[in-house]
J.: 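Okay, here's the structure, questions in a sec.
Numbering of residues begins at 1 and proceeds along the displayed sequence. Atoms within each ligand, like the ligands themselves, are counted from 1 in listed order.
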Amino acid sequence: MGGAPHRPARIHVISRCTGPVMTSQIIPVEPFDYIVFGGTGDLAERKLIPALYHRSSDGQIVGASRIIGAARGEMSDDDFRDFARKALEAHIKPEELKPELLDDFLGRLHYVSVDAKSERGWETLRQLLGDEPRVRAFYLAVGPSIFGDIAARLGEHGMIREDSRLVIEKPIGNDLASAHALNVAIGKHFREEQVFRIDHYLGKETVQNLMALRFANALYEPLWKSSHIDHVQITVAESLGLEGRAGYYDKSGAIRDMVQNHILQLLCLVAMEPPASMDADSVRDEKLKVLRALRRIDASNVAEMTVRGQYSAGASNGGAVRGYLEELESGSSDTETFVAIKAEVENWRWAGVPFYLRTGKRLAQRVSEIVIQFKPVPHNVFNADAGRPIANRLVLRLQPDEAVSQMIMIKDPGPGGMRLREVALDMSFAEHFHVRSPDAYERLLLDVVRGNQTLFMRRDEVEAAWQWVDPIISAWHETGQRCKKYTAGTWGPSAAIALIERDGRTWHEEESID
Ligand code: BG6
(Lines give C-alpha, C1' and ligand atoms only; values in the text may rest on other atoms or scores of the structure.)
Protein backbone atom coordinates (compact mmCIF):
# COMPACT_ATOMS: atom_id res chain seq x y z
CA MET A 1 0.00 0.00 0.00
CA GLY A 2 1.06 3.58 -0.36
CA GLY A 3 2.68 4.43 2.93
CA ALA A 4 5.60 6.47 4.22
CA PRO A 5 8.90 4.71 3.49
CA HIS A 6 10.55 5.30 6.86
CA ARG A 7 10.11 3.25 10.02
CA PRO A 8 10.20 5.25 13.23
CA ALA A 9 11.89 3.79 16.30
CA ARG A 10 9.53 2.62 19.02
CA ILE A 11 9.60 3.72 22.61
CA HIS A 12 7.34 1.78 24.89
CA VAL A 13 5.82 3.95 27.55
CA ILE A 14 6.38 2.12 30.78
CA SER A 15 4.30 2.56 33.86
CA ARG A 16 4.63 5.95 35.46
CA CYS A 17 1.20 5.83 36.98
CA THR A 18 0.69 8.07 39.94
CA GLY A 19 -0.57 5.53 42.40
CA PRO A 20 -1.18 1.84 41.92
CA VAL A 21 -2.07 0.51 38.47
CA MET A 22 -5.79 0.05 38.70
CA THR A 23 -8.15 -1.63 36.36
CA SER A 24 -11.73 -0.44 36.10
CA GLN A 25 -13.78 -1.19 39.14
CA ILE A 26 -16.25 -4.01 38.84
CA ILE A 27 -19.56 -2.94 40.30
CA PRO A 28 -22.32 -5.57 40.28
CA VAL A 29 -25.43 -4.56 38.39
CA GLU A 30 -28.90 -4.84 39.83
CA PRO A 31 -30.70 -8.14 39.14
CA PHE A 32 -32.15 -8.38 35.64
CA ASP A 33 -33.77 -10.65 33.12
CA TYR A 34 -32.06 -10.65 29.70
CA ILE A 35 -34.38 -12.13 27.11
CA VAL A 36 -32.41 -12.95 24.00
CA PHE A 37 -34.58 -13.47 20.92
CA GLY A 38 -32.50 -15.49 18.50
CA GLY A 39 -30.98 -17.06 21.61
CA THR A 40 -29.65 -20.05 19.68
CA GLY A 41 -28.35 -18.04 16.73
CA ASP A 42 -24.89 -17.08 15.63
CA LEU A 43 -24.64 -13.75 17.50
CA ALA A 44 -25.80 -15.33 20.76
CA GLU A 45 -23.34 -18.16 20.35
CA ARG A 46 -20.27 -16.13 19.35
CA LYS A 47 -20.78 -12.90 21.27
CA LEU A 48 -23.67 -12.59 23.71
CA ILE A 49 -23.28 -15.78 25.74
CA PRO A 50 -19.48 -15.44 26.03
CA ALA A 51 -19.82 -11.74 27.00
CA LEU A 52 -22.41 -12.48 29.68
CA TYR A 53 -20.28 -15.35 30.99
CA HIS A 54 -17.29 -13.02 31.40
CA ARG A 55 -19.35 -10.45 33.26
CA SER A 56 -20.81 -13.17 35.44
CA SER A 57 -17.44 -14.71 36.22
CA ASP A 58 -16.09 -11.27 37.18
CA GLY A 59 -18.86 -11.06 39.77
CA GLN A 60 -20.85 -8.41 38.01
CA ILE A 61 -23.97 -10.50 37.48
CA VAL A 62 -25.36 -11.43 40.85
CA GLY A 63 -28.53 -12.30 42.70
CA ALA A 64 -31.45 -13.75 40.82
CA SER A 65 -30.46 -12.42 37.38
CA ARG A 66 -31.56 -14.66 34.53
CA ILE A 67 -30.72 -15.03 30.86
CA ILE A 68 -33.61 -16.38 28.86
CA GLY A 69 -33.04 -17.70 25.37
CA ALA A 70 -36.05 -17.33 23.09
CA ALA A 71 -36.29 -18.81 19.62
CA ARG A 72 -38.69 -20.75 17.43
CA GLY A 73 -37.21 -24.21 18.00
CA GLU A 74 -38.39 -26.47 20.83
CA MET A 75 -35.74 -26.91 23.49
CA SER A 76 -35.61 -27.55 27.23
CA ASP A 77 -33.68 -25.36 29.68
CA ASP A 78 -31.09 -28.13 29.85
CA ASP A 79 -30.72 -28.26 26.07
CA PHE A 80 -30.16 -24.50 26.08
CA ARG A 81 -27.56 -24.83 28.83
CA ASP A 82 -25.84 -27.47 26.72
CA PHE A 83 -25.86 -25.12 23.74
CA ALA A 84 -24.38 -22.36 25.92
CA ARG A 85 -21.70 -24.65 27.37
CA LYS A 86 -20.61 -25.58 23.82
CA ALA A 87 -20.62 -21.92 22.79
CA LEU A 88 -18.35 -21.09 25.72
CA GLU A 89 -16.03 -23.98 25.02
CA ALA A 90 -15.72 -22.80 21.43
CA HIS A 91 -15.30 -19.07 22.11
CA ILE A 92 -13.57 -18.71 25.46
CA LYS A 93 -10.06 -19.68 26.42
CA PRO A 94 -10.07 -22.99 28.36
CA GLU A 95 -8.30 -21.36 31.34
CA GLU A 96 -11.16 -18.86 31.66
CA LEU A 97 -13.78 -21.61 31.98
CA LYS A 98 -13.77 -22.35 35.70
CA PRO A 99 -16.23 -25.15 36.67
CA GLU A 100 -17.82 -23.34 39.63
CA LEU A 101 -18.22 -20.11 37.63
CA LEU A 102 -19.59 -22.04 34.70
CA ASP A 103 -22.17 -23.81 36.87
CA ASP A 104 -23.28 -20.54 38.40
CA PHE A 105 -23.64 -19.00 34.93
CA LEU A 106 -25.46 -21.97 33.37
CA GLY A 107 -27.84 -22.02 36.32
CA ARG A 108 -29.07 -18.58 35.24
CA LEU A 109 -30.11 -19.81 31.79
CA HIS A 110 -33.67 -20.64 30.73
CA TYR A 111 -35.34 -21.20 27.41
CA VAL A 112 -38.72 -20.42 25.92
CA SER A 113 -39.93 -21.35 22.45
CA VAL A 114 -41.75 -18.42 20.83
CA ASP A 115 -42.87 -17.57 17.36
CA ALA A 116 -42.84 -13.90 16.35
CA LYS A 117 -45.50 -14.56 13.71
CA SER A 118 -48.04 -16.35 15.91
CA GLU A 119 -49.32 -16.51 19.48
CA ARG A 120 -47.13 -19.49 20.28
CA GLY A 121 -45.03 -19.15 23.41
CA TRP A 122 -45.80 -15.56 24.44
CA GLU A 123 -47.92 -16.43 27.45
CA THR A 124 -45.25 -18.90 28.63
CA LEU A 125 -42.69 -16.13 28.40
CA ARG A 126 -44.94 -13.72 30.29
CA GLN A 127 -45.42 -16.23 33.09
CA LEU A 128 -41.72 -16.98 33.30
CA LEU A 129 -40.95 -13.27 33.62
CA GLY A 130 -43.46 -12.95 36.45
CA ASP A 131 -44.25 -9.71 38.25
CA GLU A 132 -41.11 -9.07 40.23
CA PRO A 133 -39.76 -5.58 39.71
CA ARG A 134 -36.40 -5.97 37.97
CA VAL A 135 -34.82 -4.72 34.78
CA ARG A 136 -36.01 -6.53 31.67
CA ALA A 137 -33.82 -6.30 28.60
CA PHE A 138 -35.24 -7.70 25.38
CA TYR A 139 -32.35 -8.31 22.99
CA LEU A 140 -33.44 -8.82 19.39
CA ALA A 141 -30.64 -10.93 17.91
CA VAL A 142 -32.89 -11.68 14.93
CA GLY A 143 -33.42 -10.22 11.46
CA PRO A 144 -34.89 -6.68 11.40
CA SER A 145 -37.94 -7.87 9.45
CA ILE A 146 -39.40 -9.22 12.72
CA PHE A 147 -38.33 -6.40 15.08
CA GLY A 148 -41.76 -4.79 14.77
CA ASP A 149 -43.62 -8.11 15.29
CA ILE A 150 -41.69 -8.90 18.46
CA ALA A 151 -42.14 -5.41 19.89
CA ALA A 152 -45.89 -5.65 19.18
CA ARG A 153 -46.26 -9.09 20.84
CA LEU A 154 -44.36 -7.92 23.89
CA GLY A 155 -46.74 -4.98 24.08
CA GLU A 156 -49.90 -7.03 23.56
CA HIS A 157 -48.89 -9.50 26.25
CA GLY A 158 -48.19 -6.79 28.79
CA MET A 159 -44.48 -7.50 29.11
CA ILE A 160 -43.25 -3.94 28.54
CA ARG A 161 -42.93 -2.00 31.77
CA GLU A 162 -41.10 1.15 32.85
CA ASP A 163 -38.00 -0.92 33.63
CA SER A 164 -38.01 -2.73 30.25
CA ARG A 165 -35.42 -2.10 27.55
CA LEU A 166 -35.16 -3.08 23.92
CA VAL A 167 -31.80 -3.81 22.33
CA ILE A 168 -31.44 -3.90 18.56
CA GLU A 169 -28.53 -4.23 16.18
CA LYS A 170 -27.84 -3.22 12.66
CA PRO A 171 -28.97 -3.42 9.97
CA ILE A 172 -31.34 -0.73 11.17
CA GLY A 173 -32.93 -0.32 7.78
CA ASN A 174 -31.14 -0.34 4.46
CA ASP A 175 -31.90 3.27 3.65
CA LEU A 176 -33.42 6.29 5.35
CA ALA A 177 -37.03 5.31 4.60
CA SER A 178 -36.74 1.75 5.93
CA ALA A 179 -34.77 2.89 9.00
CA HIS A 180 -37.45 5.45 9.71
CA ALA A 181 -40.22 2.84 9.32
CA LEU A 182 -38.41 0.50 11.69
CA ASN A 183 -37.92 3.23 14.27
CA VAL A 184 -41.60 4.10 14.03
CA ALA A 185 -42.60 0.42 14.44
CA ILE A 186 -40.61 -0.06 17.64
CA GLY A 187 -41.43 3.46 18.83
CA LYS A 188 -45.09 2.42 19.09
CA HIS A 189 -44.19 0.16 22.01
CA PHE A 190 -40.94 1.50 23.50
CA ARG A 191 -40.02 5.06 24.39
CA GLU A 192 -36.72 6.30 22.94
CA GLU A 193 -35.15 6.15 26.44
CA GLN A 194 -35.87 2.41 26.44
CA VAL A 195 -34.29 1.67 23.05
CA PHE A 196 -30.63 0.67 22.87
CA ARG A 197 -29.30 0.58 19.30
CA ILE A 198 -26.01 -1.26 19.44
CA ASP A 199 -23.01 -0.31 17.37
CA HIS A 200 -20.45 -2.67 18.82
CA TYR A 201 -17.58 -0.41 17.71
CA LEU A 202 -18.61 2.01 20.45
CA GLY A 203 -17.92 -0.69 23.03
CA LYS A 204 -14.33 -1.20 21.89
CA GLU A 205 -11.72 -0.12 24.42
CA THR A 206 -9.78 2.20 22.12
CA VAL A 207 -12.94 3.97 21.05
CA GLN A 208 -13.69 4.84 24.64
CA ASN A 209 -10.04 5.72 25.05
CA LEU A 210 -10.41 8.23 22.27
CA MET A 211 -12.85 10.08 24.50
CA ALA A 212 -10.51 9.77 27.49
CA LEU A 213 -7.60 11.03 25.42
CA ARG A 214 -9.54 13.98 24.07
CA PHE A 215 -11.46 15.02 27.14
CA ALA A 216 -9.34 13.95 30.09
CA ASN A 217 -6.14 15.61 28.87
CA ALA A 218 -5.51 19.29 28.34
CA LEU A 219 -2.87 18.41 25.78
CA TYR A 220 -4.78 17.45 22.66
CA GLU A 221 -7.96 19.47 22.63
CA PRO A 222 -6.39 22.88 21.85
CA LEU A 223 -4.75 21.28 18.80
CA TRP A 224 -7.80 19.31 17.73
CA LYS A 225 -8.84 21.49 14.78
CA SER A 226 -8.04 22.58 11.28
CA SER A 227 -5.28 24.98 12.32
CA HIS A 228 -3.19 22.03 13.58
CA ILE A 229 -4.59 18.90 11.99
CA ASP A 230 -3.85 18.21 8.34
CA HIS A 231 -6.20 15.28 7.88
CA VAL A 232 -7.70 12.22 9.56
CA GLN A 233 -7.71 8.62 8.33
CA ILE A 234 -10.08 5.92 9.51
CA THR A 235 -9.35 2.41 8.32
CA VAL A 236 -11.31 -0.72 9.17
CA ALA A 237 -9.61 -3.49 7.22
CA GLU A 238 -10.61 -7.12 7.43
CA SER A 239 -8.77 -10.12 6.06
CA LEU A 240 -11.85 -12.35 6.12
CA GLY A 241 -14.29 -12.72 3.26
CA LEU A 242 -18.02 -13.43 3.34
CA GLU A 243 -17.97 -16.07 6.07
CA GLY A 244 -21.24 -17.60 4.92
CA ARG A 245 -23.14 -14.30 5.02
CA ALA A 246 -23.52 -13.89 1.27
CA GLY A 247 -27.31 -13.51 1.43
CA TYR A 248 -27.13 -10.48 3.70
CA TYR A 249 -23.88 -9.01 2.46
CA ASP A 250 -24.66 -8.98 -1.24
CA LYS A 251 -27.67 -6.76 -0.55
CA SER A 252 -25.68 -4.44 1.72
CA GLY A 253 -22.13 -4.00 0.52
CA ALA A 254 -19.39 -2.30 2.47
CA ILE A 255 -21.06 1.10 2.64
CA ARG A 256 -24.18 -0.17 4.41
CA ASP A 257 -22.41 -2.87 6.39
CA MET A 258 -19.56 -0.75 7.78
CA VAL A 259 -19.65 2.93 6.78
CA GLN A 260 -23.22 3.89 7.69
CA ASN A 261 -22.65 2.69 11.24
CA HIS A 262 -19.18 1.80 12.58
CA ILE A 263 -17.06 4.17 10.51
CA LEU A 264 -19.39 7.15 10.83
CA GLN A 265 -19.56 6.58 14.58
CA LEU A 266 -15.75 6.67 14.76
CA LEU A 267 -15.73 9.82 12.65
CA CYS A 268 -18.26 11.43 14.99
CA LEU A 269 -16.18 10.70 18.08
CA VAL A 270 -13.09 12.23 16.46
CA ALA A 271 -14.90 15.27 15.13
CA MET A 272 -17.51 16.12 17.76
CA GLU A 273 -17.28 19.13 20.03
CA PRO A 274 -16.57 18.35 23.69
CA PRO A 275 -19.93 17.41 25.20
CA ALA A 276 -20.98 19.16 28.41
CA SER A 277 -20.91 15.77 30.15
CA MET A 278 -20.82 12.07 29.36
CA ASP A 279 -24.55 11.99 29.74
CA ALA A 280 -26.12 10.11 26.81
CA ASP A 281 -27.89 13.01 25.18
CA SER A 282 -24.98 15.43 25.60
CA VAL A 283 -22.73 13.04 23.69
CA ARG A 284 -25.34 12.10 21.11
CA ASP A 285 -26.32 15.71 20.44
CA GLU A 286 -22.69 16.44 19.55
CA LYS A 287 -22.40 13.39 17.30
CA LEU A 288 -25.58 14.35 15.52
CA LYS A 289 -24.19 17.81 14.73
CA VAL A 290 -21.19 16.16 13.04
CA LEU A 291 -23.40 13.91 10.91
CA ARG A 292 -25.44 16.89 9.86
CA ALA A 293 -22.31 18.83 8.92
CA LEU A 294 -20.98 16.17 6.54
CA ARG A 295 -20.63 17.55 3.03
CA ARG A 296 -23.13 15.93 0.72
CA ILE A 297 -21.72 13.53 -1.84
CA ASP A 298 -23.96 13.08 -4.86
CA ALA A 299 -23.74 12.57 -8.59
CA SER A 300 -21.82 15.84 -8.99
CA ASN A 301 -18.81 14.73 -6.92
CA VAL A 302 -19.15 11.00 -6.23
CA ALA A 303 -16.48 9.96 -8.74
CA GLU A 304 -13.90 12.22 -7.16
CA MET A 305 -14.82 11.47 -3.51
CA THR A 306 -15.40 7.69 -3.50
CA VAL A 307 -13.91 4.44 -4.73
CA ARG A 308 -15.76 1.13 -4.79
CA GLY A 309 -13.97 -2.20 -5.02
CA GLN A 310 -14.69 -5.91 -5.16
CA TYR A 311 -12.12 -8.61 -4.48
CA SER A 312 -11.09 -11.22 -6.97
CA ALA A 313 -9.24 -14.46 -6.15
CA GLY A 314 -5.93 -14.05 -4.36
CA ALA A 315 -4.19 -15.04 -1.15
CA SER A 316 -5.22 -14.30 2.41
CA ASN A 317 -4.18 -15.57 5.82
CA GLY A 318 -1.49 -17.67 4.19
CA GLY A 319 -3.70 -19.54 1.71
CA ALA A 320 -5.34 -19.15 -1.68
CA VAL A 321 -8.85 -17.70 -1.50
CA ARG A 322 -11.70 -17.39 -3.94
CA GLY A 323 -12.94 -14.13 -5.35
CA TYR A 324 -16.21 -12.52 -4.19
CA LEU A 325 -18.18 -13.76 -7.19
CA GLU A 326 -16.97 -17.34 -6.71
CA GLU A 327 -17.93 -17.15 -3.03
CA LEU A 328 -21.35 -15.86 -4.01
CA GLU A 329 -21.83 -18.60 -6.56
CA SER A 330 -24.22 -16.38 -8.47
CA GLY A 331 -21.72 -15.30 -11.08
CA SER A 332 -22.57 -11.63 -11.22
CA SER A 333 -22.84 -8.87 -8.67
CA ASP A 334 -21.60 -5.31 -8.46
CA THR A 335 -21.78 -5.17 -4.64
CA GLU A 336 -18.76 -3.42 -3.18
CA THR A 337 -16.58 -5.30 -0.68
CA PHE A 338 -14.35 -2.24 -0.35
CA VAL A 339 -15.07 1.43 -0.17
CA ALA A 340 -12.88 4.50 0.28
CA ILE A 341 -14.41 7.91 0.80
CA LYS A 342 -13.01 11.38 1.22
CA ALA A 343 -15.43 12.93 3.69
CA GLU A 344 -15.54 16.53 4.81
CA VAL A 345 -17.09 18.01 7.93
CA GLU A 346 -18.29 21.45 7.03
CA ASN A 347 -18.01 23.39 10.24
CA TRP A 348 -15.71 25.93 11.87
CA ARG A 349 -13.45 23.34 13.52
CA TRP A 350 -12.89 21.06 10.53
CA ALA A 351 -13.17 23.20 7.39
CA GLY A 352 -10.53 22.03 4.92
CA VAL A 353 -9.54 18.88 6.88
CA PRO A 354 -10.36 15.76 4.88
CA PHE A 355 -11.41 12.58 6.66
CA TYR A 356 -10.25 9.66 4.51
CA LEU A 357 -12.34 6.60 5.27
CA ARG A 358 -11.76 3.09 3.98
CA THR A 359 -12.97 -0.36 4.78
CA GLY A 360 -12.92 -3.66 3.00
CA LYS A 361 -13.01 -7.41 3.18
CA ARG A 362 -10.14 -9.67 2.12
CA LEU A 363 -7.57 -6.93 2.59
CA ALA A 364 -3.92 -7.56 3.38
CA GLN A 365 -4.32 -7.48 7.13
CA ARG A 366 -6.95 -7.20 9.85
CA VAL A 367 -6.42 -3.77 11.31
CA SER A 368 -8.67 -0.94 12.45
CA GLU A 369 -7.20 2.38 13.29
CA ILE A 370 -7.74 6.09 13.44
CA VAL A 371 -4.85 8.29 12.39
CA ILE A 372 -4.74 11.95 13.29
CA GLN A 373 -2.13 13.60 11.09
CA PHE A 374 -0.94 16.91 12.50
CA LYS A 375 0.44 19.72 10.37
CA PRO A 376 4.20 20.20 10.04
CA VAL A 377 6.00 22.80 12.14
CA PRO A 378 5.51 26.23 10.56
CA HIS A 379 9.24 26.87 10.17
CA ASN A 380 12.21 24.50 10.22
CA VAL A 381 15.03 25.89 12.38
CA PHE A 382 17.35 22.94 11.79
CA ASN A 383 20.05 22.77 9.14
CA ALA A 384 20.06 20.26 6.32
CA ASP A 385 22.32 17.78 8.20
CA ALA A 386 19.77 17.43 10.98
CA GLY A 387 17.08 16.26 8.57
CA ARG A 388 13.58 17.62 8.22
CA PRO A 389 11.10 17.38 11.08
CA ILE A 390 8.33 14.92 10.22
CA ALA A 391 4.85 16.11 11.13
CA ASN A 392 3.41 14.53 14.31
CA ARG A 393 0.89 11.74 14.03
CA LEU A 394 -1.37 10.15 16.59
CA VAL A 395 -2.44 6.58 15.83
CA LEU A 396 -5.25 4.94 17.75
CA ARG A 397 -5.40 1.27 16.98
CA LEU A 398 -8.66 -0.49 17.73
CA GLN A 399 -7.54 -3.95 16.69
CA PRO A 400 -5.91 -6.41 16.57
CA ASP A 401 -4.04 -5.13 19.65
CA GLU A 402 -5.46 -2.01 21.22
CA ALA A 403 -2.85 0.68 21.41
CA VAL A 404 -2.19 4.37 21.13
CA SER A 405 0.95 5.58 19.46
CA GLN A 406 2.11 9.19 19.32
CA MET A 407 4.81 9.92 16.76
CA ILE A 408 7.12 12.71 17.81
CA MET A 409 10.50 14.07 16.75
CA ILE A 410 13.53 13.81 19.03
CA LYS A 411 17.26 14.33 18.74
CA ASP A 412 18.96 11.13 17.68
CA PRO A 413 20.54 10.00 20.95
CA GLY A 414 24.31 10.01 21.44
CA PRO A 415 27.22 12.12 20.32
CA GLY A 416 27.69 13.19 16.73
CA GLY A 417 25.77 16.39 16.33
CA MET A 418 22.12 17.22 15.95
CA ARG A 419 20.12 14.75 13.90
CA LEU A 420 16.36 14.56 14.06
CA ARG A 421 14.64 11.27 14.45
CA GLU A 422 11.00 10.23 14.57
CA VAL A 423 10.01 7.96 17.43
CA ALA A 424 6.73 6.41 18.42
CA LEU A 425 5.62 6.69 22.01
CA ASP A 426 3.72 3.43 22.20
CA MET A 427 1.16 2.56 24.74
CA SER A 428 -0.21 -0.94 24.49
CA PHE A 429 -3.01 -1.30 27.01
CA ALA A 430 -3.11 -5.07 27.45
CA GLU A 431 0.67 -5.16 27.92
CA HIS A 432 0.72 -2.19 30.25
CA PHE A 433 -2.15 -2.97 32.56
CA HIS A 434 -1.97 -6.76 32.38
CA VAL A 435 -5.71 -7.04 31.92
CA ARG A 436 -7.75 -9.07 29.52
CA SER A 437 -9.17 -6.74 26.92
CA PRO A 438 -12.94 -7.15 27.21
CA ASP A 439 -15.02 -7.75 24.13
CA ALA A 440 -17.12 -4.74 23.15
CA TYR A 441 -20.34 -6.61 23.98
CA GLU A 442 -19.38 -7.06 27.62
CA ARG A 443 -19.48 -3.35 28.26
CA LEU A 444 -22.53 -2.70 26.12
CA LEU A 445 -24.71 -5.52 27.47
CA LEU A 446 -24.36 -4.29 31.01
CA ASP A 447 -24.75 -0.65 30.03
CA VAL A 448 -28.22 -1.71 28.90
CA VAL A 449 -29.00 -3.05 32.37
CA ARG A 450 -27.61 0.12 33.95
CA GLY A 451 -29.78 2.16 31.58
CA ASN A 452 -26.77 4.07 30.24
CA GLN A 453 -27.38 5.03 26.60
CA THR A 454 -24.16 7.00 26.03
CA LEU A 455 -22.59 4.31 23.82
CA PHE A 456 -25.79 3.59 21.88
CA MET A 457 -27.16 5.30 18.81
CA ARG A 458 -30.17 7.51 19.08
CA ARG A 459 -32.88 7.35 16.47
CA ASP A 460 -32.00 10.70 14.87
CA GLU A 461 -28.32 9.72 14.60
CA VAL A 462 -29.13 6.55 12.68
CA GLU A 463 -31.39 8.49 10.36
CA ALA A 464 -28.83 11.29 9.85
CA ALA A 465 -26.21 8.69 8.92
CA TRP A 466 -28.55 7.26 6.27
CA GLN A 467 -29.26 10.77 5.05
CA TRP A 468 -25.57 11.08 4.15
CA VAL A 469 -25.13 7.54 2.83
CA ASP A 470 -28.27 7.31 0.65
CA PRO A 471 -27.18 9.98 -1.89
CA ILE A 472 -23.80 8.25 -2.28
CA ILE A 473 -25.47 4.95 -3.15
CA SER A 474 -27.92 6.67 -5.51
CA ALA A 475 -25.08 8.56 -7.14
CA TRP A 476 -23.22 5.31 -7.81
CA HIS A 477 -26.28 4.03 -9.67
CA GLU A 478 -26.96 7.30 -11.41
CA THR A 479 -23.43 7.74 -12.69
CA GLY A 480 -22.80 4.03 -13.31
CA GLN A 481 -19.79 3.96 -10.97
CA ARG A 482 -18.91 0.29 -10.87
CA CYS A 483 -16.63 -1.63 -8.54
CA LYS A 484 -12.94 -1.76 -9.39
CA LYS A 485 -11.42 -5.21 -8.91
CA TYR A 486 -8.71 -5.81 -6.34
CA THR A 487 -6.83 -8.99 -5.63
CA ALA A 488 -7.73 -10.59 -2.30
CA GLY A 489 -4.92 -9.99 0.18
CA THR A 490 -4.00 -6.53 -1.10
CA TRP A 491 -4.99 -3.05 0.15
CA GLY A 492 -7.86 -2.58 -2.27
CA PRO A 493 -8.03 -1.06 -5.74
CA SER A 494 -5.23 1.26 -6.81
CA ALA A 495 -7.86 3.97 -7.24
CA ALA A 496 -8.10 4.10 -3.42
CA ILE A 497 -4.41 4.95 -3.23
CA ALA A 498 -4.91 7.56 -5.93
CA LEU A 499 -7.85 9.04 -3.96
CA ILE A 500 -5.51 10.17 -1.18
CA GLU A 501 -2.34 10.62 -3.22
CA ARG A 502 -4.10 13.14 -5.47
CA ASP A 503 -4.15 15.35 -2.38
CA GLY A 504 -0.41 14.83 -1.77
CA ARG A 505 -1.00 12.43 1.15
CA THR A 506 -0.57 8.69 1.71
CA TRP A 507 -2.45 6.05 3.65
CA HIS A 508 -0.81 5.26 6.94
CA GLU A 509 1.29 2.14 6.76
CA GLU A 510 -0.32 -0.21 9.28
CA GLU A 511 2.74 -2.34 10.02
CA SER A 512 4.60 0.63 11.41
CA ILE A 513 2.68 0.55 14.68
CA ASP A 514 3.87 -2.96 15.59
C1 BG6 B 1 -20.11 -6.22 11.55
C2 BG6 B 1 -20.20 -6.40 10.05
O3 BG6 B 1 -20.97 -5.20 11.97
O4 BG6 B 1 -18.79 -5.88 11.91
C5 BG6 B 1 -19.24 -7.47 9.59
O6 BG6 B 1 -21.52 -6.77 9.69
C7 BG6 B 1 -17.84 -7.16 10.07
O8 BG6 B 1 -19.25 -7.59 8.18
C9 BG6 B 1 -17.84 -6.87 11.57
O10 BG6 B 1 -17.03 -8.28 9.79
C11 BG6 B 1 -16.48 -6.37 12.02
O12 BG6 B 1 -16.45 -6.31 13.42
P13 BG6 B 1 -15.09 -6.48 14.21
O14 BG6 B 1 -15.44 -6.19 15.62
O15 BG6 B 1 -14.62 -7.88 13.95
O16 BG6 B 1 -14.16 -5.48 13.61
J.: So which protein residues pack against ligand 1 under 4.0 Å, heavy atoms counted?
T.: Lys170, His200, Tyr201, Lys204, Glu238, Arg245, Asp257, Met258, His262, Lys361, Arg366, Gln399
J.: Is the Tyr34 ring parallel, tilted or perpendicular to the Tyr139 ring (thresholds 30°, 60°)?
T.: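 Ring orientation of Tyr34 relative to Tyr139: tilted.
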J.: Taking the side chain as C-beta and beyond, is there a heavy-atom pair between Arg397 and Glu402 under 4.5 Å?
T.: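 Result no, sub-4.5 Å side-chain heavy-atom pair not found.
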J.: For Phe374, check ring pair (Phe, Tyr, Trp, His ring centres under 6.0 Å) against everything at least two apart and list the hits.
T.: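 Checked Phe374 against ring pair (Phe, Tyr, Trp, His ring centres under 6.0 Å); zero matches.
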J.: Would you call Glu286-Lys289 a salt bridge at under 4.0 Å N-O?
T.: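 A salt bridge is present here (some side-chain N lies under 4.0 Å from a carboxylate O).
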J.: Taking side-chain hydrogen bond (donor to acceptor under 3.5 Å, both in side chains) as the definition, give me every residue that meets it alongside Gln399, ordered by chain and number, with sequence neighbours left out.
T.: Tyr201, Lys204, Arg366, Ser368
J.: Mind jotting down which residue pairs meet the ring-ring contact (aromatic ring centres under 6.0 Å, His included) criterion with at least one end in residues 313-334? Sequence neighbours excluded, please.
T.: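 Found Tyr311-Tyr324.
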